[in-house]
There are 2 protein chains.
Amino acid sequence: MTAMCPKSKHRHCEAWQLLVRFSFEQRSTLPALAAELDLSPAQCHLLNLIEPDRPMPMGELAGALSCDASNVTGLVDRLESRGLVQRSPSPEDRRVKVLSLTPLGARIRAALLDRMTSAPPTLGKLSAADQRALARILRQLLD
Amino acid sequence: MTAMCPKSKHRHCEAWQLLVRFSFEQRSTLPALAAELDLSPAQCHLLNLIEPDRPMPMGELAGALSCDASNVTGLVDRLESRGLVQRSPSPEDRRVKVLSLTPLGARIRAALLDRMTSAPPTLGKLSAADQRALARILRQLLD
DNA sequence: TATTGTTATACTCTATAACTATA
DNA sequence: TATAGTTATAGAGTATAACAATA
């Protein structure tokens, strides 16, 4: 049976609906998890995007966060004042500032991702084969 | 130091990491999608939790949102002033107020879920069998 | 006394518009 | 002129503490 809704002109599928439901549940769990590291959800999102040794221009960051550039300024101000990230002028274009993690920022980011991606007990409900299949399918989807 | 130490005392699995990555991507796409309906992400989260004809006490809502009760007050104030939700006193316990969708609120909620769960083009990369498998596995996981 | 929801307060998050310094 | 980032401003989201009404 397909999960189509006859009143909608859009196509739906159950898999996508479940993924959306998952993301709403994550929206509930992230704040408490982030608070353990004195981070807000928005700060987690930003830290997640800055990989160690991969500086990123502020503007690119705003694009990746899908928010206004002026918002990134304040977000970075607070992270920089805590010593988690660092602004550096770009050598190529002096208008651009690239953002990088400090060693402390890299540690906090690693701790965050460690907590976020640690498998919850509910995952044990899946067989090993299903866990592999889920990873394989999501890999395709998120490519 | 532990900065570059990949060791963790937590268990991880790739499937869960991919789900977390998906939820971060949702955090980027929701604001624009919500704005089409003049909603904020937080308002979307709240509306998602209130099913039509299923009134919910304010306190229960705070629990489901994993936020403080005082936060729900303001959130509901704004939705109520737009005529999307309605507070009613509970007949059993006069301290409690239950929240329900107005007819307009139910329509907005339906439009929101329709947009959020409409399958994106990327889903076409999956075979029909993989889409079914993904749905089956997620159903188990989110049960 | 304990609980539900609100108010007061102080932050952070976010967008818009105006500004600066580059290009 | 156009672009990258900031500042100023305003409103929304969020938590803490104190409070009112009810249990």
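Just so it is clear: chains get the letters A, B, ... in the order the sequence lines come, proteins before strands, and each one is counted from 1.
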Exercise for review: Without swapping roles, check the side chain of A:Arg87 against the backbone of A:Glu80 for a donor-acceptor pair under 3.5 Å.
Suggested key: no
Review point. Does B:Arg21 reach the main-chain N or O of A:Leu142 with its side chain, forming a donor-acceptor pair under 3.5 Å?
Key: yes
Practice item. Mark yes or no for whether A:Glu60, through its side chain, and A:Pro57, through its backbone, hold a donor-acceptor pair below 3.5 Å. Key: no
Check your understanding: Atom CG of A:Leu30 and atom OG of A:Ser23: how far apart are they, to the nearest 0.5 Å?
Key -> 12.0 Å
Exercise for review: May I ask you to decide if A:Ala64's main-chain N or O and B:Ser28's side chain share a donor-acceptor pair within less than 3.5 Å?
Suggested key: yes
Check your understanding: In residues 37-61 of chain B, what residues come within less than 4.0 Å of DNA chain C, judged by heavy atoms?
Key -> B:Met58, B:Gly59
**Study point:** Side chain A:Gln17, main chain A:His12, donor-acceptor under 3.5 Å
**Key:** no
Exercise for review: Return the minimal non-hydrogen interatomic distance between A:Leu75 and A:Ala42, and the atom names on each side.
Suggested key: CD1-CB, 4.1 Å
Check your understanding: If every non-hydrogen atom of B:Leu141 is compared with every non-hydrogen atom of A:Lys125, which pair is closest and at what distance?
Key -> O-NZ, 3.8 Å
Practice item. Please test A:Leu84 against A:Leu39 for side-chain contact (heavy atoms from CB on, under 4.5 Å), starting from the C-alpha separation and ending with a verdict. Key: CA-CA 11 Å; A:Leu84 271 52; A:Leu39 296 171; 4.1 Å; yes
Exercise for review: Return the residues of residues 93-102 of chain A meeting this criterion: a heavy atom under 4.0 Å from some atom of DNA chain D. Order them by number, or give none.
Suggested key: A:Arg95, A:Val96, A:Lys97
Check your understanding: Under a 4.0 Å heavy-atom cut-off, which of residues 62-88 of chain A touch DNA chain C?
Key -> A:Cys67, A:Asp68, A:Ser70, A:Asn71, A:Leu75, A:Arg78
Check your understanding: Salt bridge between A:Arg107 and A:Asp114, side-chain N to carboxylate O under 4.0 Å?
Key -> no
Point to revise | Any donor-acceptor pair under 3.5 Å from B:Thr102 side chain to B:Gln86 backbone | key: no
Exercise for review: Using five base pairs at each end, measure the axis-to-axis angle across the helix from C:dG5-D:dC19 to C:dA23-D:dT1 and round it to 10 degrees.
Suggested key: 10°
Exercise for review: Can you measure from CZ (B:Phe22) to CG (A:Leu138) and round to the nearest 0.5 angstrom?
Suggested key: 8.5 Å
Check your understanding: Rounded to the nearest 0.5 Å, how far does NE2 of A:His45 lie from CG of A:Leu61?
Key -> 9.0 Å
Study note, to complete from the structure: Contact span of DNA chain D against chain A, any nucleotide atom under 4.0 Å from a heavy atom, 5' to 3', runs D:dA2 to D:dT7
**Study point:** Polar side-chain atom of A:Trp16 near backbone of B:Met116 as donor-acceptor pair, under 3.5 Å
**Key:** yes
Revision key, fill the gap. For A:Leu113, the other hydrophobic cluster members (4.5 Å side-chain criterion, sorted by chain and number) are none
